[in-house]
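Some notes on the structure that comes next.
Each chain gets a letter, A, B and so on, in the order the sequences are listed, and its residues count up from 1. Bear in mind that the values here come from a model prediction, so they are computed numbers and not experimental data.
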Amino acid sequence: MTVVTRFAPSPTGFLHIGGARTALFNYLYAKRHGGKFMLRVEDTDRKRSTEPAIEAILDGLRWLGLDWDDEPVFQFARVDRHVEVAQAMLASGHAYKCYATNEELAELRAAAQAENKRFLYDGRWRDRDPSEAPEGVKPAIRLKAPKDGETVITDLVQGEVRVANAELDDMVLLRADGTPTYMLAVVVDDYDMGVTHVIRGDDHLNNTFRQIQVFNAMGWALPAFAHIPLIHGADGAKLSKRHGALGVDAYRDMGLLPAAIRNYLLRLGWSHGDLEIVSTADAIKLFDLEGVGRSASRFDMAKLENTNAHYMRESDPKSLIEAISPLIEAKIDRSLSVTETARLNIGMASLQQRAKTLLDLAVSAEIYMDGAPFSQSPKAAKVLAGADATAGLAAALTALSAIPDDAWNEEGIEAALRAGAEAADLKLGKLAQPLRAALTGSDASPSLFEVAAVLGRDETLRRANMHG
RNA sequence: GGCCCCAUCGUCUAGCGGUCUAGGACGUCGGCCUCUCACGCCGAAAACACGGGUUCGAGUCCCGUUGGGGUCACCA
(Lines give C-alpha, C1' and ligand atoms only; values in the text may rest on other atoms or scores of the structure.)
Protein backbone atom coordinates (compact mmCIF):
# COMPACT_ATOMS: atom_id res chain seq x y z
CA MET A 1 0.00 0.00 0.00
CA THR A 2 1.40 3.36 -0.98
CA VAL A 3 1.53 5.86 1.81
CA VAL A 4 -0.50 9.01 1.27
CA THR A 5 -0.34 11.84 3.78
CA ARG A 6 -1.87 15.23 3.64
CA PHE A 7 -1.62 18.66 5.15
CA ALA A 8 -5.03 20.28 5.45
CA PRO A 9 -4.91 23.90 6.56
CA SER A 10 -7.94 26.14 6.64
CA PRO A 11 -7.06 29.39 4.91
CA THR A 12 -8.16 31.76 7.61
CA GLY A 13 -4.72 33.14 8.36
CA PHE A 14 -1.03 32.65 7.78
CA LEU A 15 0.88 29.40 8.01
CA HIS A 16 1.99 29.37 11.62
CA ILE A 17 4.83 27.44 13.13
CA GLY A 18 2.65 24.62 14.40
CA GLY A 19 1.10 24.12 10.99
CA ALA A 20 4.54 24.17 9.47
CA ARG A 21 5.63 21.35 11.74
CA THR A 22 2.52 19.33 10.95
CA ALA A 23 3.25 19.80 7.27
CA LEU A 24 6.88 18.81 7.84
CA PHE A 25 5.96 15.58 9.60
CA ASN A 26 3.49 14.68 6.89
CA TYR A 27 6.06 15.48 4.24
CA LEU A 28 8.78 13.46 5.91
CA TYR A 29 6.56 10.50 6.58
CA ALA A 30 5.43 10.36 2.96
CA LYS A 31 8.98 10.71 1.63
CA ARG A 32 10.30 8.17 4.07
CA HIS A 33 7.91 5.60 2.68
CA GLY A 34 8.11 6.63 -0.94
CA GLY A 35 4.56 7.88 -0.80
CA LYS A 36 2.69 11.03 -1.62
CA PHE A 37 2.32 14.23 0.37
CA MET A 38 -0.89 15.98 -0.58
CA LEU A 39 -2.21 19.41 0.17
CA ARG A 40 -5.86 20.07 0.85
CA VAL A 41 -7.19 23.54 1.44
CA GLU A 42 -10.13 23.39 3.81
CA ASP A 43 -11.96 26.40 2.58
CA THR A 44 -15.51 25.40 3.32
CA ASP A 45 -15.95 28.26 5.74
CA ARG A 46 -16.75 30.82 3.10
CA LYS A 47 -16.88 33.69 5.51
CA ARG A 48 -13.42 33.24 6.96
CA SER A 49 -11.48 31.76 4.07
CA THR A 50 -9.55 34.25 2.02
CA GLU A 51 -7.50 34.20 -1.12
CA PRO A 52 -4.53 36.01 0.50
CA ALA A 53 -4.48 33.38 3.22
CA ILE A 54 -4.36 30.61 0.64
CA GLU A 55 -1.45 32.35 -1.05
CA ALA A 56 0.34 32.89 2.24
CA ILE A 57 0.07 29.22 3.14
CA LEU A 58 1.21 28.01 -0.25
CA ASP A 59 4.09 30.49 -0.27
CA GLY A 60 5.07 29.46 3.22
CA LEU A 61 5.18 25.78 2.30
CA ARG A 62 7.15 26.47 -0.83
CA TRP A 63 9.61 28.65 1.04
CA LEU A 64 10.09 25.93 3.62
CA GLY A 65 10.77 23.49 0.83
CA LEU A 66 7.77 21.33 1.63
CA ASP A 67 6.55 20.75 -1.87
CA TRP A 68 3.37 18.77 -2.21
CA ASP A 69 2.46 16.18 -4.79
CA ASP A 70 -0.35 16.65 -7.28
CA GLU A 71 -2.59 19.68 -7.42
CA PRO A 72 -3.91 21.04 -4.14
CA VAL A 73 -7.44 19.87 -3.40
CA PHE A 74 -9.88 22.63 -2.57
CA GLN A 75 -12.48 21.31 -0.27
CA PHE A 76 -15.20 23.75 -1.22
CA ALA A 77 -15.05 22.51 -4.80
CA ARG A 78 -16.11 19.10 -3.58
CA VAL A 79 -19.40 20.00 -1.90
CA ASP A 80 -21.46 17.97 -4.35
CA ARG A 81 -19.59 14.85 -3.37
CA HIS A 82 -19.99 15.63 0.34
CA VAL A 83 -23.72 16.10 -0.13
CA GLU A 84 -23.87 12.87 -2.07
CA VAL A 85 -22.28 11.00 0.83
CA ALA A 86 -24.65 12.60 3.31
CA GLN A 87 -27.58 11.52 1.16
CA ALA A 88 -26.20 8.01 1.01
CA MET A 89 -26.03 7.93 4.77
CA LEU A 90 -29.57 9.18 4.96
CA ALA A 91 -30.69 6.46 2.59
CA SER A 92 -28.89 3.75 4.50
CA GLY A 93 -30.32 4.90 7.81
CA HIS A 94 -27.02 6.12 9.22
CA ALA A 95 -28.23 9.69 9.27
CA TYR A 96 -31.50 11.50 9.79
CA LYS A 97 -33.14 14.85 9.28
CA CYS A 98 -33.24 17.13 12.26
CA TYR A 99 -35.77 19.93 12.31
CA ALA A 100 -34.67 21.47 15.56
CA THR A 101 -34.47 25.21 15.14
CA ASN A 102 -31.62 27.42 16.18
CA GLU A 103 -33.82 28.73 18.95
CA GLU A 104 -34.46 25.26 20.27
CA LEU A 105 -30.79 24.46 20.18
CA ALA A 106 -29.95 27.70 21.91
CA GLU A 107 -32.37 26.81 24.69
CA LEU A 108 -30.82 23.41 25.12
CA ARG A 109 -27.41 24.97 25.24
CA ALA A 110 -28.51 27.55 27.80
CA ALA A 111 -30.11 24.86 29.93
CA ALA A 112 -26.96 22.79 29.86
CA GLN A 113 -24.92 25.79 30.80
CA ALA A 114 -27.22 26.62 33.67
CA GLU A 115 -26.64 23.17 35.10
CA ASN A 116 -22.95 23.58 34.45
CA LYS A 117 -23.11 20.66 32.10
CA ARG A 118 -21.81 20.20 28.64
CA PHE A 119 -24.21 20.66 25.77
CA LEU A 120 -25.10 17.52 23.91
CA TYR A 121 -27.79 17.43 21.28
CA ASP A 122 -30.50 15.20 22.69
CA GLY A 123 -31.38 13.38 19.48
CA ARG A 124 -34.95 14.62 19.54
CA TRP A 125 -35.43 13.96 15.83
CA ARG A 126 -33.46 10.76 15.75
CA ASP A 127 -36.46 8.47 15.70
CA ARG A 128 -39.24 10.82 14.80
CA ASP A 129 -41.31 10.29 11.74
CA PRO A 130 -40.57 12.79 8.97
CA SER A 131 -44.30 13.42 8.70
CA GLU A 132 -44.02 15.35 11.96
CA ALA A 133 -41.72 17.79 10.28
CA PRO A 134 -42.79 21.35 10.97
CA GLU A 135 -43.78 23.63 8.11
CA GLY A 136 -41.14 25.81 6.61
CA VAL A 137 -38.22 24.50 8.62
CA LYS A 138 -35.28 23.27 6.59
CA PRO A 139 -33.68 20.26 8.26
CA ALA A 140 -30.05 19.67 9.02
CA ILE A 141 -28.80 16.16 8.50
CA ARG A 142 -27.30 14.49 11.51
CA LEU A 143 -25.29 11.36 11.94
CA LYS A 144 -27.15 8.58 13.72
CA ALA A 145 -24.25 7.81 16.00
CA PRO A 146 -24.08 4.65 18.10
CA LYS A 147 -25.47 5.27 21.59
CA ASP A 148 -23.85 2.40 23.41
CA GLY A 149 -20.36 1.02 23.60
CA GLU A 150 -17.30 3.03 22.91
CA THR A 151 -15.27 4.35 20.05
CA VAL A 152 -11.57 3.58 20.02
CA ILE A 153 -8.77 5.37 18.24
CA THR A 154 -5.63 3.39 17.69
CA ASP A 155 -3.22 6.25 17.38
CA LEU A 156 0.34 5.84 16.20
CA VAL A 157 1.51 8.50 18.64
CA GLN A 158 -1.02 8.55 21.46
CA GLY A 159 -1.68 4.85 21.64
CA GLU A 160 -5.17 3.54 22.23
CA VAL A 161 -7.61 6.27 23.14
CA ARG A 162 -11.20 5.41 23.90
CA VAL A 163 -14.36 7.25 24.77
CA ALA A 164 -17.86 6.14 25.66
CA ASN A 165 -20.29 6.74 22.81
CA ALA A 166 -22.69 8.26 25.33
CA GLU A 167 -20.26 11.17 25.45
CA LEU A 168 -20.77 11.89 21.80
CA ASP A 169 -23.92 13.31 20.25
CA ASP A 170 -25.38 13.13 16.77
CA MET A 171 -23.32 15.69 14.95
CA VAL A 172 -24.49 17.68 11.99
CA LEU A 173 -23.32 16.38 8.62
CA LEU A 174 -25.20 18.78 6.39
CA ARG A 175 -26.34 22.16 7.59
CA ALA A 176 -29.89 23.37 7.07
CA ASP A 177 -28.64 25.39 4.13
CA GLY A 178 -27.40 22.20 2.54
CA THR A 179 -23.68 22.81 3.00
CA PRO A 180 -21.49 20.08 4.46
CA THR A 181 -19.75 20.48 7.78
CA TYR A 182 -16.05 20.04 8.33
CA MET A 183 -16.54 16.69 10.06
CA LEU A 184 -18.20 15.22 7.00
CA ALA A 185 -15.93 16.87 4.49
CA VAL A 186 -12.67 15.72 6.08
CA VAL A 187 -13.74 12.13 6.16
CA VAL A 188 -15.03 12.10 2.61
CA ASP A 189 -11.94 13.88 1.31
CA ASP A 190 -9.49 11.72 3.20
CA TYR A 191 -11.25 8.67 1.85
CA ASP A 192 -11.47 9.91 -1.72
CA MET A 193 -7.87 11.10 -1.73
CA GLY A 194 -6.74 7.71 -0.56
CA VAL A 195 -5.11 9.14 2.55
CA THR A 196 -3.49 6.30 4.47
CA HIS A 197 -2.02 8.29 7.36
CA VAL A 198 -3.72 11.21 9.01
CA ILE A 199 -0.96 13.11 10.81
CA ARG A 200 -2.26 16.24 12.51
CA GLY A 201 -2.19 18.26 15.70
CA ASP A 202 -3.68 16.59 18.74
CA ASP A 203 -6.25 19.35 19.02
CA HIS A 204 -8.04 17.11 16.51
CA LEU A 205 -7.93 14.05 18.70
CA ASN A 206 -11.43 14.56 20.03
CA ASN A 207 -12.80 15.08 16.54
CA THR A 208 -11.40 11.76 15.51
CA PHE A 209 -13.96 9.78 17.47
CA ARG A 210 -16.75 11.29 15.44
CA GLN A 211 -14.88 11.00 12.21
CA ILE A 212 -14.37 7.33 12.86
CA GLN A 213 -18.11 6.99 13.27
CA VAL A 214 -18.60 8.46 9.82
CA PHE A 215 -16.01 6.10 8.32
CA ASN A 216 -17.82 3.22 9.99
CA ALA A 217 -21.23 4.38 8.85
CA MET A 218 -19.99 4.39 5.27
CA GLY A 219 -18.23 1.09 5.69
CA TRP A 220 -14.94 2.67 4.74
CA ALA A 221 -11.59 1.40 5.99
CA LEU A 222 -9.97 3.66 8.55
CA PRO A 223 -6.72 5.44 7.78
CA ALA A 224 -3.98 5.29 10.39
CA PHE A 225 -4.08 8.22 12.79
CA ALA A 226 -1.15 10.02 14.38
CA HIS A 227 -1.95 12.98 16.60
CA ILE A 228 1.13 15.01 17.34
CA PRO A 229 1.34 17.24 20.41
CA LEU A 230 0.93 20.95 19.95
CA ILE A 231 3.64 23.54 20.17
CA HIS A 232 3.27 25.99 23.02
CA GLY A 233 4.70 29.43 23.46
CA ALA A 234 7.62 30.10 25.77
CA ASP A 235 5.10 30.60 28.60
CA GLY A 236 3.58 27.17 28.14
CA ALA A 237 0.27 28.37 26.83
CA LYS A 238 -1.08 27.38 23.48
CA LEU A 239 0.65 29.13 20.65
CA SER A 240 -2.08 31.36 19.37
CA LYS A 241 -2.19 34.49 17.33
CA ARG A 242 -2.88 36.47 20.44
CA HIS A 243 0.13 34.82 21.97
CA GLY A 244 2.57 36.11 19.47
CA ALA A 245 2.37 33.15 17.11
CA LEU A 246 3.96 34.21 13.90
CA GLY A 247 3.59 33.21 10.29
CA VAL A 248 6.51 31.56 8.58
CA ASP A 249 6.95 34.77 6.60
CA ALA A 250 7.89 36.45 9.86
CA TYR A 251 10.67 33.95 10.39
CA ARG A 252 11.83 34.56 6.85
CA ASP A 253 11.89 38.27 7.59
CA MET A 254 13.99 37.60 10.68
CA GLY A 255 16.61 36.19 8.37
CA LEU A 256 16.18 32.53 9.24
CA LEU A 257 17.00 29.75 6.82
CA PRO A 258 14.37 27.20 5.79
CA ALA A 259 16.79 24.34 6.43
CA ALA A 260 17.32 25.57 9.97
CA ILE A 261 13.61 25.88 10.62
CA ARG A 262 13.03 22.39 9.30
CA ASN A 263 15.75 21.00 11.57
CA TYR A 264 14.50 22.89 14.60
CA LEU A 265 10.88 21.91 14.04
CA LEU A 266 11.86 18.31 13.46
CA ARG A 267 13.60 18.15 16.82
CA LEU A 268 10.71 19.84 18.53
CA GLY A 269 8.72 16.78 19.40
CA TRP A 270 10.72 14.19 17.55
CA SER A 271 14.01 12.65 18.48
CA HIS A 272 16.38 9.98 17.35
CA GLY A 273 18.73 9.33 20.23
CA ASP A 274 21.04 12.26 20.74
CA LEU A 275 20.92 13.51 17.16
CA GLU A 276 20.57 17.28 17.01
CA ILE A 277 21.63 18.31 13.55
CA VAL A 278 19.57 16.41 11.04
CA SER A 279 19.42 17.53 7.45
CA THR A 280 16.13 17.04 5.67
CA ALA A 281 17.78 14.41 3.48
CA ASP A 282 18.76 12.47 6.59
CA ALA A 283 15.39 13.09 8.17
CA ILE A 284 13.76 11.41 5.18
CA LYS A 285 15.83 8.33 5.97
CA LEU A 286 15.19 8.42 9.70
CA PHE A 287 11.78 9.89 10.40
CA ASP A 288 9.31 7.67 12.16
CA LEU A 289 6.24 8.16 14.27
CA GLU A 290 7.73 6.13 17.13
CA GLY A 291 10.17 8.95 17.67
CA VAL A 292 7.41 11.49 18.20
CA GLY A 293 6.89 12.37 21.84
CA ARG A 294 3.50 12.65 23.48
CA SER A 295 3.78 15.85 25.40
CA ALA A 296 3.52 19.40 24.18
CA SER A 297 6.73 21.32 23.67
CA ARG A 298 7.62 24.95 24.05
CA PHE A 299 8.91 27.05 21.27
CA ASP A 300 12.42 28.30 22.02
CA MET A 301 13.68 31.10 19.84
CA ALA A 302 17.21 30.89 21.24
CA LYS A 303 17.60 27.31 20.11
CA LEU A 304 16.12 28.11 16.72
CA GLU A 305 18.69 30.88 16.33
CA ASN A 306 21.48 28.56 17.34
CA THR A 307 20.33 26.02 14.77
CA ASN A 308 20.11 28.79 12.23
CA ALA A 309 23.66 29.91 13.02
CA HIS A 310 24.79 26.38 12.37
CA TYR A 311 23.18 26.31 8.95
CA MET A 312 24.54 29.76 8.19
CA ARG A 313 28.05 28.47 8.76
CA GLU A 314 27.39 25.48 6.54
CA SER A 315 25.87 27.54 3.76
CA ASP A 316 27.44 28.17 0.43
CA PRO A 317 28.84 31.74 0.59
CA LYS A 318 27.43 32.56 -2.82
CA SER A 319 23.90 31.76 -1.73
CA LEU A 320 24.30 33.95 1.33
CA ILE A 321 25.56 36.86 -0.73
CA GLU A 322 22.56 36.45 -2.96
CA ALA A 323 20.28 36.44 0.05
CA ILE A 324 21.69 39.52 1.73
CA SER A 325 22.41 41.66 -1.32
CA PRO A 326 18.87 43.03 -1.48
CA LEU A 327 19.05 43.88 2.22
CA ILE A 328 22.28 45.78 1.82
CA GLU A 329 21.04 47.55 -1.29
CA ALA A 330 17.97 48.67 0.58
CA LYS A 331 20.20 50.05 3.29
CA ILE A 332 22.64 51.94 1.03
CA ASP A 333 19.91 52.81 -1.43
CA ARG A 334 21.84 51.77 -4.51
CA SER A 335 23.08 48.66 -6.24
CA LEU A 336 26.18 46.86 -5.11
CA SER A 337 29.22 47.80 -7.15
CA VAL A 338 31.41 45.21 -8.79
CA THR A 339 34.11 45.96 -6.24
CA GLU A 340 31.77 45.56 -3.33
CA THR A 341 30.45 42.25 -4.58
CA ALA A 342 34.02 41.11 -5.13
CA ARG A 343 34.84 42.00 -1.53
CA LEU A 344 31.85 40.01 -0.31
CA ASN A 345 32.99 37.03 -2.33
CA ILE A 346 36.27 37.01 -0.47
CA GLY A 347 35.01 38.08 2.93
CA MET A 348 31.83 36.05 3.21
CA ALA A 349 33.41 32.85 4.47
CA SER A 350 34.44 34.46 7.71
CA LEU A 351 31.45 36.78 8.02
CA GLN A 352 29.09 33.82 7.94
CA GLN A 353 30.94 32.27 10.86
CA ARG A 354 29.76 35.10 13.02
CA ALA A 355 26.15 35.70 12.07
CA LYS A 356 23.12 34.11 13.63
CA THR A 357 20.73 35.31 10.96
CA LEU A 358 20.77 36.77 7.49
CA LEU A 359 19.90 40.09 9.09
CA ASP A 360 23.03 39.98 11.24
CA LEU A 361 25.02 38.95 8.25
CA ALA A 362 23.78 41.82 6.11
CA VAL A 363 24.72 44.30 8.81
CA SER A 364 28.15 42.80 9.32
CA ALA A 365 28.76 42.86 5.57
CA GLU A 366 28.30 46.61 5.48
CA ILE A 367 31.94 47.04 6.40
CA TYR A 368 32.81 46.07 2.85
CA MET A 369 30.74 48.81 1.28
CA ASP A 370 32.28 51.95 -0.12
CA GLY A 371 31.93 54.81 2.29
CA ALA A 372 31.71 52.52 5.32
CA PRO A 373 31.76 52.52 8.23
CA PHE A 374 28.32 54.05 8.23
CA SER A 375 28.23 54.34 11.97
CA GLN A 376 30.41 54.00 14.99
CA SER A 377 29.48 51.86 17.93
CA PRO A 378 29.88 53.36 21.41
CA LYS A 379 32.61 50.84 22.17
CA ALA A 380 34.48 51.71 19.00
CA ALA A 381 34.25 55.39 19.85
CA LYS A 382 35.66 54.65 23.26
CA VAL A 383 38.56 52.76 21.77
CA LEU A 384 39.35 55.62 19.42
CA ALA A 385 39.14 58.13 22.25
CA GLY A 386 41.45 56.07 24.44
CA ALA A 387 44.71 57.50 25.67
CA ASP A 388 46.93 55.28 23.58
CA ALA A 389 44.68 55.07 20.55
CA THR A 390 46.51 57.78 18.64
CA ALA A 391 49.87 56.16 19.09
CA GLY A 392 48.53 52.76 18.15
CA LEU A 393 46.75 54.01 15.11
CA ALA A 394 49.79 55.97 14.00
CA ALA A 395 51.98 52.91 14.34
CA ALA A 396 49.44 50.87 12.38
CA LEU A 397 49.29 53.50 9.68
CA THR A 398 53.05 53.62 9.38
CA ALA A 399 53.27 49.86 9.11
CA LEU A 400 50.45 49.68 6.61
CA SER A 401 51.77 52.50 4.44
CA ALA A 402 55.07 50.72 4.10
CA ILE A 403 53.49 47.59 2.62
CA PRO A 404 54.19 47.39 -1.09
CA ASP A 405 51.25 46.79 -3.37
CA ASP A 406 52.25 43.22 -4.17
CA ALA A 407 52.42 42.29 -0.48
CA TRP A 408 48.96 43.65 0.32
CA ASN A 409 47.42 40.39 1.43
CA GLU A 410 46.48 38.76 4.72
CA GLU A 411 49.95 37.39 5.39
CA GLY A 412 51.72 40.56 4.38
CA ILE A 413 49.45 42.75 6.45
CA GLU A 414 49.77 40.54 9.49
CA ALA A 415 53.55 40.53 9.21
CA ALA A 416 53.69 44.29 8.82
CA LEU A 417 51.35 44.99 11.70
CA ARG A 418 53.14 42.60 14.02
CA ALA A 419 56.48 44.14 13.09
CA GLY A 420 55.02 47.61 13.52
CA ALA A 421 53.76 46.77 16.97
CA GLU A 422 57.12 45.46 17.99
CA ALA A 423 58.90 48.50 16.60
CA ALA A 424 56.61 50.80 18.54
CA ASP A 425 56.94 48.58 21.58
CA LEU A 426 53.20 48.06 21.74
CA LYS A 427 51.12 44.94 22.01
CA LEU A 428 49.45 43.99 18.77
CA GLY A 429 46.08 44.69 20.30
CA LYS A 430 47.04 48.30 20.85
CA LEU A 431 47.31 48.79 17.11
CA ALA A 432 44.61 46.36 16.15
CA GLN A 433 41.71 47.70 18.18
CA PRO A 434 41.98 51.35 17.12
CA LEU A 435 42.54 50.23 13.55
CA ARG A 436 39.52 47.93 13.74
CA ALA A 437 37.42 50.77 15.07
CA ALA A 438 38.58 52.99 12.27
CA LEU A 439 38.03 50.42 9.54
CA THR A 440 34.77 48.90 10.72
CA GLY A 441 33.26 51.34 13.19
CA SER A 442 33.03 48.47 15.62
CA ASP A 443 35.05 46.70 18.29
CA ALA A 444 34.27 43.30 16.81
CA SER A 445 34.86 42.04 13.31
CA PRO A 446 36.52 39.25 11.37
CA SER A 447 40.29 39.12 11.47
CA LEU A 448 41.66 42.57 10.98
CA PHE A 449 44.26 41.29 8.56
CA GLU A 450 41.51 39.81 6.46
CA VAL A 451 39.37 42.92 6.61
CA ALA A 452 42.25 45.09 5.44
CA ALA A 453 43.14 42.61 2.71
CA VAL A 454 39.56 42.48 1.45
CA LEU A 455 39.17 46.25 1.53
CA GLY A 456 42.37 46.81 -0.41
CA ARG A 457 45.18 49.20 0.20
CA ASP A 458 43.50 52.44 -0.83
CA GLU A 459 40.25 51.94 1.04
CA THR A 460 42.05 50.71 4.15
CA LEU A 461 44.41 53.68 4.26
CA ARG A 462 41.58 56.09 3.51
CA ARG A 463 39.55 54.82 6.49
CA ALA A 464 42.56 54.69 8.77
CA ASN A 465 43.57 58.22 7.86
CA MET A 466 40.17 59.62 8.78
CA HIS A 467 41.15 59.09 12.40
CA GLY A 468 44.89 59.58 11.99
C1' G B 1 -17.28 21.84 34.64
C1' G B 2 -17.65 16.82 31.40
C1' C B 3 -14.50 14.09 28.30
C1' C B 4 -9.54 13.25 26.39
C1' C B 5 -4.20 13.80 26.57
C1' C B 6 0.39 14.85 29.01
C1' A B 7 4.33 15.08 33.22
C1' U B 8 13.10 13.81 33.31
C1' C B 9 17.74 19.98 34.08
C1' G B 10 14.98 27.10 32.63
C1' U B 11 13.93 24.90 27.30
C1' C B 12 14.18 20.58 23.54
C1' U B 13 15.08 15.73 24.83
C1' A B 14 17.87 10.37 25.68
C1' G B 15 16.11 6.61 28.86
C1' C B 16 11.77 1.47 26.49
C1' G B 17 13.01 -2.82 35.15
C1' G B 18 19.15 -3.63 37.04
C1' U B 19 24.74 -0.73 32.79
C1' C B 20 21.22 6.06 36.12
C1' U B 21 26.25 8.56 41.61
C1' A B 22 20.26 10.01 34.99
C1' G B 23 23.27 11.14 29.04
C1' G B 24 23.10 14.89 24.88
C1' A B 25 21.64 19.81 22.88
C1' C B 26 20.19 25.14 23.57
C1' G B 27 20.66 28.79 27.24
C1' U B 28 23.56 30.38 31.70
C1' C B 29 28.39 30.74 34.34
C1' G B 30 33.83 29.83 34.44
C1' G B 31 38.38 28.77 31.52
C1' C B 32 41.48 27.81 27.05
C1' C B 33 42.49 29.61 22.09
C1' U B 34 43.25 34.77 20.48
C1' C B 35 44.27 41.19 16.95
C1' U B 36 38.41 41.83 18.70
C1' C B 37 34.06 39.05 17.97
C1' A B 38 32.37 34.48 16.58
C1' C B 39 33.72 29.40 15.88
C1' G B 40 36.14 25.46 18.37
C1' C B 41 37.76 23.05 22.85
C1' C B 42 37.63 22.12 28.33
C1' G B 43 34.78 22.58 32.81
C1' A B 44 30.52 23.98 36.24
C1' A B 45 25.63 24.76 38.15
C1' A B 46 20.92 22.59 36.62
C1' A B 47 15.84 17.46 36.32
C1' C B 48 13.23 11.95 37.23
C1' A B 49 6.08 16.72 40.28
C1' C B 50 4.06 14.14 44.86
C1' G B 51 1.97 9.76 47.37
C1' G B 52 0.85 4.79 47.28
C1' G B 53 1.50 0.05 45.20
C1' U B 54 3.85 -4.26 41.88
C1' U B 55 8.95 -6.26 42.01
C1' C B 56 14.78 -9.03 44.76
C1' G B 57 15.16 -4.20 42.20
C1' A B 58 11.39 1.53 39.39
C1' G B 59 12.97 7.60 35.96
C1' U B 60 11.17 3.13 33.52
C1' C B 61 4.92 -0.91 35.12
C1' C B 62 -0.11 0.11 37.87
C1' C B 63 -3.39 3.43 40.84
C1' G B 64 -4.31 8.05 43.03
C1' U B 65 -3.14 13.32 43.95
C1' U B 66 -1.34 17.71 42.04
C1' G B 67 -0.05 20.53 37.92
C1' G B 68 -0.27 21.62 32.64
C1' G B 69 -2.68 21.16 27.93
C1' G B 70 -6.58 19.99 24.40
C1' U B 71 -11.69 19.77 23.31
C1' C B 72 -16.76 20.45 24.05
C1' A B 73 -20.81 24.84 17.19
C1' C B 74 -25.59 23.96 11.74
C1' C B 75 -16.11 27.01 12.75
C1' A B 76 -12.36 24.37 10.66
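In A:D316, the CG atom is crowded: over 12 heavy atoms of neighbouring residues, nucleotides or ligands sit closer than 6.0 Å. Atom NZ of A:K144 sits in a crowded spot, with more than 12 heavy atoms from other residues, nucleotides or ligands closer than 6.0 Å. Counting non-hydrogen atoms of neighbouring residues, nucleotides and ligands closer than 6.0 angstrom, the CD atom of A:E150 exceeds 12 such neighbours.
As a whole-Å value, the separation of A:K47 NZ from B:A73 C1' is 12 Å. Protein atom CZ of A:F14 is 20 Å distant from nucleotide atom P of B:A76, rounded to whole Å. Between the P atom of B:A76 and the NE2 atom of A:H82 lies a distance of 11 Å, rounded to the nearest Å. Note: CD (A:Q352) to P (B:G40) measures 14 Å, nearest angstrom. Note: NE2 (A:H204) to C1' (B:C5) measures 15 Å, nearest angstrom. For the pair A:D169 CG and B:U71 P, the computed distance is 17 Å after rounding to whole Å. Going from atom CD of A:E150 over to atom P of B:C4 covers 10 Å, rounded to whole Å. At whole-Å resolution of the value, CZ in A:R298 and P in B:A47 are 17 Å apart.
Using a 4.0 Å heavy-atom cutoff across all strands shown, A:L105 reaches at least one base atom of the nucleic acid. A:D177 comes within contact range of no nucleotide atom at all, as no heavy-atom separation falls under 4.0 Å. Across all strands, A:A100 comes closer than 4.0 Å to base atoms (heavy-atom distances).
Not counting sequence neighbours, the partners of A:R126 by the side-chain hydrogen bond (donor to acceptor under 3.5 Å, both in side chains) test are A:D170. A:R128 is linked by a side-chain hydrogen bond (donor to acceptor under 3.5 Å, both in side chains) to A:E132, counting only residues two or more places apart in sequence or in another chain. In this structure, the side-chain contact (heavy atoms from CB on, under 4.5 Å) partners of A:Y191, at least two apart in sequence or on a different chain, are A:F215, A:W220. In terms of the side-chain hydrogen bond (donor to acceptor under 3.5 Å, both in side chains) criterion, A:K97 has no residue partners (sequence neighbours excluded). Under the rule for a side-chain hydrogen bond (donor to acceptor under 3.5 Å, both in side chains), the partners of A:Q433 that lie at least two apart in sequence or sit in another chain are A:R436. When the ring pair (Phe, Tyr, Trp, His ring centres under 6.0 Å) test is applied to A:F287, the partners found at least two apart in sequence or on another chain are A:F25, A:W270.
Here the OG1 atom belonging to A:T307 is positioned 5.5 Å from the CG atom belonging to A:N263, to the nearest 0.5 angstrom.
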Please tabulate the protein-to-nucleotide N/O contacts below 3.5 Å involving nucleotides 6-8 of chain B, giving atom names and distances.
residue, atom, partner, partner atom, Å
B:C6, OP1, A:R294, NH1, 2.8

Please tabulate, one pair per line, each protein N/O and nucleotide N/O from nucleotides 41-44 of chain B that are separated by under 3.5 Å, including the distance.
none

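Considering every non-hydrogen atom in both A:V157 and A:A226, the closest pair reads CG2-CB, 4.1 Å.
No donor-acceptor pair closer than 3.5 Å links the side chain of A:N165 to the backbone N or O of A:K147.
Screening residues 177-191 of chain A for salt bridge (charged side-chain N to carboxylate O under 4.0 Å, His left out), with sequence neighbours left out, gives A:R6-A:D190, A:R40-A:D189, A:R40-A:D190, A:R78-A:D189. Residue pairs meeting the salt bridge (charged side-chain N to carboxylate O under 4.0 Å, His left out) criterion with at least one member in residues 257-279 of chain A, sequence neighbours excluded: A:R267-A:E276, A:E276-A:K303.
The side chain of A:T44 contributes an N or O atom lying less than 4.0 Å from OP1 or OP2 of B:A76. For B:U11, the OP1/OP2 oxygens have no side-chain nitrogen or oxygen of A:S297 closer than 4.0 Å.
Listed candidates were B:G69, B:G2, B:U13. Nearest to the side chain of A:H232 is B:G69.
Judged by Watson-Crick or G-U wobble contacts below 3.5 Å, the nucleotide B:C50 has B:G64 as its partner. Across every strand in view, B:U28 sits in a pair with B:A44 that passes the Watson-Crick or G-U test at under 3.5 angstrom. Across all strands shown, B:C72 forms a Watson-Crick or G-U wobble pair, both distances under 3.5 Å, with B:G1.
If you find the closest nucleotide of RNA chain B to A:T179 and to A:R21, the one lying nearer the 5' end belongs to A:R21.
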Could you write nucleotides 26-39 of chain B as a row of B, S and -, 5' to 3', where a protein heavy atom under 4.0 Å of any base atom gives B, of only sugar-phosphate atoms gives S, and otherwise -?
-> SS-------BBBSS

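Within residues 268-277 of chain A, the residues that have a heavy atom under 4.0 Å from RNA chain B are, in order of number, A:L268, A:G269, A:S271, A:G273, A:D274, A:E276.
Side-chain atoms of A:D43 stay outside donor-acceptor range of the base of B:A76, with no qualifying N/O pair under 3.5 Å.
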Worked check of side chain to side chain donor-acceptor pair (under 3.5 Å) between A:R48 and A:S10 | CA-CA 9 Å; A:R48 297 202 300 148; A:S10 55; 5.7 Å; no

